[in-house]
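No experiment lies behind these values; they were computed from the predicted model shown. Reminder, nothing fancy here: chain letters follow the sequence lines and each chain counts from 1. These numbers come from the heavy atoms of this one structure, side chains and all, not from hydrogens, waters or symmetry mates.
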Protein chains: 2
Amino acid sequence: MATIKDVARVAGVSLGTVSNVLNGKNSVRPGNKRKVYDAMKEVGFHYNMTASALRTKTTKNIGLIIPSITNPYYPELARGVEDAARREGLTVFLCNDDRDTEKERAYIKALLSKGVDGIILLKPRLEHSELLEVKERTSLVLGDASIDIRNEFHVVNADDVQGVICAMNFLGQNGHSQIAMITGMMESYSSQCRLDAYKRYLESRKLCYRPEYVVSGNYSWKSGCRLAKQLMSLPDPPTAIFAANDMMAIGAMKGVQTMGYRIPQDISIIGYDDIEMSNLSNPALTTVHQPKYNMGTECLKMLHACINGKESMDTTKRITLENHLIIRESVGMVR
Amino acid sequence: MATIKDVARVAGVSLGTVSNVLNGKNSVRPGNKRKVYDAMKEVGFHYNMTASALRTKTTKNIGLIIPSITNPYYPELARGVEDAARREGLTVFLCNDDRDTEKERAYIKALLSKGVDGIILLKPRLEHSELLEVKERTSLVLGDASIDIRNEFHVVNADDVQGVICAMNFLGQNGHSQIAMITGMMESYSSQCRLDAYKRYLESRKLCYRPEYVVSGNYSWKSGCRLAKQLMSLPDPPTAIFAANDMMAIGAMKGVQTMGYRIPQDISIIGYDDIEMSNLSNPALTTVHQPKYNMGTECLKMLHACINGKESMDTTKRITLENHLIIRESVGMVR
DNA sequence: TTGTATGCGTTATCAG
DNA sequence: CTGATAACGCATACAA
């Protein structure tokens with residue numbers, strides 16, 4: 001394997017000079033630059049980033065830890081991260097933590113050991129103190145994270161309460177007052193936010209909160225299917241169901257349809273996320289669009305700023321992205 | 001940042017000893033081992049894999065290059081790779097090449113420079129000679145790749161012709177003889193395989209091949225929707241449509257439904273891949289299941305074997321995984 | 001079993 | 001502008 005040493009020898013210049021042309025330093029005589037390039041070709045030189053990393057203490061690698069790549073929400077976000085990363089010359093380690101704290105910890109440890117320049121951690125499960133330790137050792141950006149009161153972390157979130165209000169308002173405009181909710185897993189911060197926003201909406205409209213209208217799923221279509229059936233079996237079933245993600249919403253559609261209900265004539269269904277498949281359900285799903293790709297790019301931009309030390313006092317430490325409603329066919333006027 | 005040097009000093013042993021306990025060499029006196037561990041805690045030691053990588057020339061990192069993470073086919077495969085990789089202590093760089101040869105080349109170059117121990121390349125677009133160069137520099141496993149006559153590469157494929165035959169047979173059993181096909185992009189090797197298999201099936205059944213029944217999509221649901229409509233507008237429309245992936249199949253369902261056709265009474269539709277969403281279409285999609293996750297784990301196993309030099313003459317260089325049919329609701333007896 | 005010295009391929013420092 | 005030389009943190013021969 002040819003090294004810059006070989007290049008230097010063949011080019012008849014010194015190590016330092018080769019290194020300089022490699023790093024685009026302009027303090028190299030054009031003639032020498034030429035010679036170096038020729039020599040690189042001649043000896044078949046390949047730059048070794050590992051050596052560079054050891055010396056400079058920067059690897060140009062970052063870690064992205066997501067709950068699950070199988071959940072269609074995350075690939076798009078991951079894509080946003082990757083595209084933005086490539087623009088900055090960064091390569092990303094993609095890691096699934098399966099919503100498992102141990103796995104999350106293990107991946108962080110591995111990434112740290114590999115000397116990543118930074119980590120983007122989505123839906124962090126580690127507790128405050130551990131997160132602080134990570135932040136001590138590398139640049140850290142949190143996504144979909146609960147608020148840290150003390151403003152200690154860099155975080156980018158989507159505006160859950162605004163998104164829920166969007167959906168609930170639209171249901172309200174369509175005359176719905178009996179609105180059920182299929183929440184996500186309640187350990188999750190954003191699930192709590194969404195449920196809170198749901199309750200607050202009800203309050204603001206002087207609608208009564210019915211505990212039996214709130215059920216908790218696990219983001220899978222199967223749970224949506226099962227819970228929707230359960231909801232529709234209530235003595236006084238809802239006229240609309242709001243699911244905390246599209247997978248569950250689509251499952252819910254399937255569930256109520258097998259019971260013989262028509263959507264949206266008999267029951268309205270609204271989702272959250274706007275995954276591609278929500279176009280394809282029958283009827284097409286009305287849902288809250290989350291700016292997934294943008295969340296990814298924003299995460300990376302923020303991380304990049306941290307890495308480059310532009311994260312001074314005045315730098316934005318917190319970004320909250322807005323959602324918006326996508327009106328399709330699954331919501332109708334109340335009967 | 002504490003190094004093994006610090007640990008050695010604090011533990012009162014030598015550098016080499018610390019290195020030995022780190023690498024699990026059993027030739028360390030228990031007492032010393034203990035002292036080393038204590039010292040590591042005391043000085044807050046963190047292992048630096050970059051340094052190790054420079055020295056040993058192995059990074060424990062690998063690259064996985066896929067066409068698109070947004071296509072629901074790949075996340076599951078990627079997941080298989082990741083899970084198997086973790087078991088081997090490998091971390092994976094995930095890269096999307098967007099079916100763009102330039103991007104593919106760029107990613108490979110970057111990965112090589114980062115010293116990955118191996119690369120899994122899915123649906124390779126680079127030509128033979130370039131691939132050979134890559135193989136010179138690192139371990140390489142190809143997935144979803146066209147056959148290399150000379151048996152020069154390690155490759156894992158799904159059995160396209162067997163999968164197509166599965167689908168066509170099932171259609172045949174249901175009395176269909178007018179079967180249209182929505183293919184993938186014809187630059188792709190597996191698209192060609194599938195089309196070939198389709199033609200051969202027709203031939204074997206003495207059915208005539210009608211060019212107007214074969215249309216070419218781009219894997220998106222929109223193309224499936226458009227092309228299905230086109231197919232149904234033919235003077236003599238087909239009784240069944242076979243789409244080369246589920247996204248197009250589901251799009252096709254949507255398309256024919258908007259034209260007023262009922263599935264499967266008026267038209268049967270069959271897909272390929274068995275992505276999760278195919279459970280959720282209405283009616284549920286009958287499709288060919290591809291062992292996506294297994295393809296991922298098999299790719300990694302093979303790569304791992306290559307890395308460890310077990311890739312001698314007798315080692316399997318080629319694996320072909322079987323598909324199987326998932327019968328749901330979108331195919332019916334011909335009217 | 002343990003210690004010492006050397007090198008992995010770069011970058012950085014500092015004379016020249 | 002260029003060249004020599006010393007790190008970076010670890011692994012490995014080899015000597016003890």
Side-chain angles (χ1 to χ4, degrees), chain A residues 1-37 39-40 43-61 89 109-117 137-138, chain B residues 1-37 39-40 43-61 89 109-117 137-138:
Chain A
M1 194 77 298
T3 74
I4 58 173
K5 205 167 169 178
D6 302 309
V7 175
R9 187 172 34 73
V10 172
V13 299
S14 79
L15 268 186
T17 302
V18 177
S19 178
N20 283 338
V21 347
L22 243 25
N23 292 291
K25 302 260 200 287
N26 43 8
S27 58
V28 176
R29 197 188 309 159
N32 276 344
K33 196 179 278 188
R34 169 129 240 109
K35 283 198 279 182
V36 167
Y37 281 127
M40 293 200 307
V43 301
F45 172 75
H46 296 292
Y47 185 73
N48 182 326
M49 284 204 51
T50 304
S52 166
L54 177 58
R55 187 63 233 248
T56 62
K57 298 187 181 316
T58 98
T59 55
K60 294 288 185 186
N61 294 156
K109 184 173 177 188
L111 291 172
L112 251 16
S113 181
K114 283 170 189 298
V116 291
D117 294 344
R137 306 233 280 129
T138 194
Chain B
M1 194 79 297
T3 74
I4 58 173
K5 205 168 171 179
D6 302 308
V7 175
R9 186 171 33 73
V10 171
V13 301
S14 78
L15 266 184
T17 303
V18 177
S19 180
N20 282 337
V21 346
L22 243 24
N23 293 291
K25 301 263 199 287
N26 43 9
S27 58
V28 176
R29 197 187 311 158
N32 277 344
K33 196 178 280 189
R34 172 130 237 107
K35 283 198 278 184
V36 167
Y37 280 127
M40 292 200 308
V43 302
F45 171 75
H46 297 290
Y47 185 74
N48 183 326
M49 285 204 51
T50 304
S52 164
L54 178 59
R55 185 62 231 252
T56 62
K57 298 189 180 313
T58 97
T59 55
K60 294 287 185 187
N61 294 155
K109 184 174 177 188
L111 291 172
L112 251 15
S113 181
K114 283 169 190 297
V116 290
D117 295 344
R137 306 234 279 130
T138 194

Between C:dG9 (P) and A:Leu15 (CG): distance, integer Å: 12 Å
Of the listed nucleotides C:dC8, C:dT1, C:dT10, the one nearest the side chain of B:Arg29: C:dT1
Boundaries of the chain B footprint along DNA chain D (any atom under 4.0 Å from a heavy atom): D:dG9 to D:dT12
Euclidean distance, A:Ser52 OG relative to B:Lys114 NZ, rounded to 0.5 Å: 9.5 Å
B:Ile4 CD1 to C:dT2 C1', straight-line distance once rounded to whole Å: 14 Å
Touch class at under 4.0 angstrom, heavy-atom based, for B:Thr17 against every strand present: sugar-phosphate
A:Lys5 NZ - C:dG9 P separation (whole Å): 9 Å
Note, A:Val21 side chain near A:Tyr37 side chain (heavy atom, < 4.5 Å): yes
Euclidean distance, B:Thr56 OG1 relative to B:Met49 CE, rounded to 0.5 Å: 7.5 Å
Flag, side chain of A:Ser113 to backbone of B:Tyr47, donor-acceptor distance under 3.5 Å: yes
Spatial distance of atom CG (A:Asn61) from atom CG (B:Asn61) [nearest 0.5 Å]: 7.0 Å
Closest-nucleotide 5' rank along DNA chain D - winner of B:Lys25 and B:Ala51: B:Ala51
A:Tyr47 OH to C:dC8 C1', straight-line distance once rounded to whole Å: 15 Å
Phosphate OP1/OP2 of C:dG9 contacted by B:Lys57 side-chain N/O (<4.0 Å): yes
Below 4.0 Å: OP1/OP2 of C:dG3 and any side-chain N or O of B:Ser14: yes
Touch class at under 4.0 angstrom, heavy-atom based, for B:Val18 against every strand present: nothing
Closest listed nucleotide, where the reference is the side chain of A:Leu54 and the choices are C:dT11, C:dG9, C:dT4: C:dG9
Between CG on residue A:Leu54 and CG on residue B:Asn48, distance to nearest 0.5 Å: 6.5 Å
N or O in side chain of B:Asn32 less than 4.0 angstrom from C:dT2 OP1/OP2: yes
Atom pair CG (A:Leu22) and NZ (A:Lys33), whose distance is rounded to the nearest 0.5 Å: 11.5 Å
Contact check, side chains of A:Thr138 and A:Asp117, non-hydrogen atoms, under 4.5 Å: no
5' precedence on DNA chain C between B:Thr56 and B:Val13 (nearest-nucleotide basis): B:Val13
Heavy-atom donor-acceptor pair, A:Arg55 side-chain to C:dT10 base, under 3.5 Å: no
Mind listing the N/O atom pairs, protein and nucleotides 13-16 of chain C, below 3.5 Å?
none

Minimum side-chain heavy-atom gap A:Lys109-B:His46 below 4.5 Å: no
Separation of atom CE in A:Met49 from atom C1' in C:dC8, rounded to whole Å: 16 Å
Axis-to-axis angle between the two ends of the helix from C:dT1-D:dA16 to C:dG16-D:dC1 (five base pairs per end, rounded to 10 degrees): 40°
